[in-house]
Colleague: 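Below: one structure in structure tokens.
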Amino acid sequence: MLLAGLLGTALLSGCGSSASDSASSAAESNPSETTTTAEGTKEDLIFVNYRDIRDLNPHLYAGEMYAQEMLYEGLVNITSDGFEGCLAESWDVSDDGKVYTFHIRPGVTFSDGEKCDAYAIKANFDAILENKDRHTWLEMMHLLVGVDAPDENTFVIELSEPYYPLLTELGVTRPFAMISPKAMKNGSTKDGVEAYIGTGPYVLDEFVTDEYAVFKANPNYWGEQPAIKTITVKVIPDNQTRILALEKGEIDMIFGKNMIDADAINQYLDSDQFTVELSDPTSTRQIVLNTSSDILSEKDVRIALQHATNKQNISDGIFYGLEKPADTLFASTVPYCDIELEPYVYDLELAGQILDEAGWKMGSGNVREKDGQPLNIDLLYNSDSVTEKSIAEYLQSEYQSIGVSLNIHGEEEQSYRDNMKAGNFDMVFNICWGMPYDPQSSLAAMRAPVYGDFAAQQGLADKKEIDQAITDILTTTDEEERQELYRFVLTRLHEDAVYIPLTFECNKALYTKNLQG
């Protein structure tokens with residue numbers, strides 16, 4: 001209730017809510033939910049993030065998503081019950097599925113007083129399309145014929161092919177969020193914006209770089225006023241310092257997937273002062289194997305590593321069971337993904353046998369060799385993640401027992417992401433995108449160098465077949481055909497052993513006991 005009422009999520013709530021990169025897709029949002037303490041109704045909230053809000057241009061990707069969700073809105077919302085209108089009250093779809101006509105909500109203004117009509121929305125789409133190459137991870141960018149605003153109440157999107165995830169892509173946090181045209185730079189946003197002005201339930205009132213940001217309820221918001229009038233976000237990079245701030249009463253809550261480590265959660269489970277809450281699974285924590293790297297181009301080596309990874313131990317030993325073991329790239333609860341794939345069982349003896357049969361024999365220093373080459377593999381992790389470092393160290397020890405030398409090294413987040421995107425890795429930590437991006441957007445992005453998937457799959461003999469099937473998934477109007485295509489893609493990736501799923505991530509919250517509702 002706390003997470004739903006106070007913060008919500010971008011991926012299931014849309015307008016009138018907030019979300020975080022580190023706290024995505026967990027619970028339904030109800031921004032009018034009353035929040036109380038033991039002393040009565042509470043109209044302010046102080047929570048914490050590990051970094052600054054950064055650039056909140058809604059058409060780019062550097063800013064914190066929770067902040068963008070608070071300031072900006074799009075045409076539609078994504079809810080647990082499907083799509084609902086936001087800046088568009090309703091919409092019609094042509095019989096051939098190629099033309100979407102949106103009927104714009106009247107009377108909405110940006111927080112600077114500028115009118116938010118179909119013309120303002122077209123100005124936003126024009127600005128986004130000016131920077132089209134930046135957004136090609138969205139399949140609709142490849143299918144978009146054009147947009148039009150025939151009058152102030154009507155906005156039209158025309159596609160070259162029907163595309164079933166269109167409303168999903170319009171409803172997520174970015175880039176299809178609307179900023180005041182007055183805040184653009186000569187009608188453009190690709191090189192930055194003049195101010196962070198949206199139509200959302202909050203406005204950015206004050207911020208100090210790397211220290212804090214203050215959001216105030218937007219007095220001119222078209223929807224229901226949020227019960228929480230002031231939200232202050234403090235920047236505290238260190239995990240232990242965040243916990244000390246909570247204990248001292250300097251913040252009300254810590255919230256997110258990676259904002260609290262499992263040790264802290266376990267410590268406060270039976271606390272009289274603080275409450276712990278966990279969401280349902282949001283995404284899959286995984287390791288990506290680069291099939292183009294010298295050693296991992298061998299499928300047998302990839303399969304051996306699958307069998308050598310004890311996911312139950314990782315779940316129990318690192319997450320105290322809070323994150324459940326994952327056997328597949330997507331959970332079976334994700335649409336189209338309940339296809340009964342055969343898991344790779346944990347079996348060190350079998351892993352060793354597979355390596356033996358592949359010609360990797362035990363050599364000096366308890367490291368296998370083949371044709372004079374030692375079985376040395378690098379694992380890249382995000383040094384900002386205590387969790388990834390812990391898992392890396394555990395796997396280093398585990399793999400050593402079967403003669404695999406795992407060299408682990410961490411890099412700060414941007415460097416880690418740059419190297420992942422460029423394919424500069426043997427093995428690298430990653431996560432699935434989470435709902436509602438899974439599975440369609442996650443798979444669509446595998447066809448281009450968006451994250452590490454594209455580079456990792458280049459060594460697959462069936463890469464072209466997989467990519468074509470993903471393209472067909474996105475454009476077919478036949479539901480049975482779409483399911484079979486998903487089955488084909490997910491089965492091939494599973495049998496090619498490109499991904500080692502580890503655990504299912506969840507959002508975690510730790511907050512003061514007297515914060516209720």
Side-chain angles (χ1 to χ4, degrees), residues 10 14-15 57-60 68 72-79 82-110 114-184 186-190 193 197-200 222-223 436-437 440-441 444 471 473-477 482:
C15 300
N57 180 347
H59 299 163
L60 294 178
Q68 291 172 320
Y72 307 111
E73 297 174 318
L75 290 169
V76 299
N77 283 346
I78 304 170
T79 77
F83 301 102
E84 67 179 18
C86 187
L87 295 181
E89 284 189 309
S90 61
W91 56 91
D92 305 309
V93 184
S94 63
D95 290 340
D96 63 4
K98 298 180 182 180
V99 179
Y100 286 69
T101 302
F102 296 90
H103 307 288
I104 305 306
R105 187 180 301 277
V108 177
T109 60
F110 293 96
E114 183 81 352
K115 190 175 183 179
C116 183
D117 55 14
Y119 301 130
I121 289 170
K122 184 177 184 300
N124 273 266
F125 270 77
D126 288 344
I128 295 166
L129 294 174
E130 181 189 14
N131 196 24
K132 181 178 179 179
D133 289 346
R134 184 66 182 83
H135 312 298
T136 51
W137 63 276
L138 295 162
E139 180 64 16
M140 69 170 287
M141 285 297 183
H142 302 285
L143 304 177
L144 190 63
V145 173
V147 298
D148 189 29
D151 58 61
E152 68 175 9
N153 301 313
T154 310
F155 180 71
V156 180
I157 296 177
E158 183 180 356
L159 306 172
S160 61
E161 300 284 346
Y163 179 56
Y164 90 92
L166 175 68
L167 293 177
T168 299
E169 294 187 358
L170 293 178
V172 295
T173 304
R174 56 197 185 194
F176 296 106
M178 305 301 130
I179 190 171
S180 171
K182 285 184 177 180
M184 298 179 184
N186 299 317
S188 176
T189 56
K190 68 182 179 66
V193 296
I197 306 296
T199 62
W222 62 268
Y437 298 99
Q440 75 284 342
S441 297
T471 299
I473 282 170
L474 300 171
T475 57
T476 183
T477 57
R482 184 181 300 141

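Numbers here simply count residues along the sequence, with the first being 1.
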Colleague: Are a donor atom and an acceptor atom from the side chains of D96 and S94 found within less than 3.5 Å of each other?
Modeller: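 Side-chain D/A pair, D96 to S94: present.
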Colleague: Shortest non-hydrogen contact from C116 to I121?
Modeller: SG-CG1, 4.4 Å
Colleague: If you take all heavy atoms of T168 and F83, which pair is closest and at what distance?
Modeller: OG1-CZ, 3.4 Å
Colleague: For residues E73 and W222, is any side-chain donor paired with an opposing acceptor at under 3.5 Å?
Modeller: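 Note: E73 and W222 side chains meet the donor-acceptor criterion.
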Colleague: Taking L129's backbone N and O only, do any of them form a donor-acceptor pair with H135's side chain (distance below 3.5 Å, no angle check)?
Modeller: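 Looks like no, no N/O pair under 3.5 Å.
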Colleague: Which pair of non-hydrogen atoms, one from H59 and one from I179, has the smallest distance, and what is that distance?
Modeller: CE1-CG2, 4.0 Å
Colleague: Do any N or O atoms from the side chain of T154 and from the backbone of D151 form a donor-acceptor pair under 3.5 angstrom?
Modeller: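 No; zero donor-acceptor contacts below 3.5 Å.
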Colleague: Can a donor-acceptor pair be found between the side chains of Y437 and E169 at a distance below 3.5 Å?
Modeller: no
Colleague: Determine whether a donor-acceptor pair (N or O, by modelled atom type, separation under 3.5 Å) exists between the side chain of R174 and the backbone of Q68.
Modeller: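 No.
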Colleague: Has T199 got a side-chain atom pairing as donor or acceptor with F110's backbone, closer than 3.5 angstrom?
Modeller: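 No, T199 side chain to F110 backbone: no donor-acceptor pair under 3.5 Å.
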Colleague: Is the centre of the Y100 ring less than 6.0 Å from the centre of the F155 ring?
Modeller: no
Colleague: Please determine, by modelled atom types, if T475 and E161 share a side-chain donor-acceptor pair under 3.5 angstrom.
Modeller: no
Colleague: Judged by atom type as modelled, is there a donor-acceptor pair below 3.5 Å linking the side chain of H103 to the main-chain atoms of N153?
Modeller: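 Not a single qualifying donor-acceptor pair exists.
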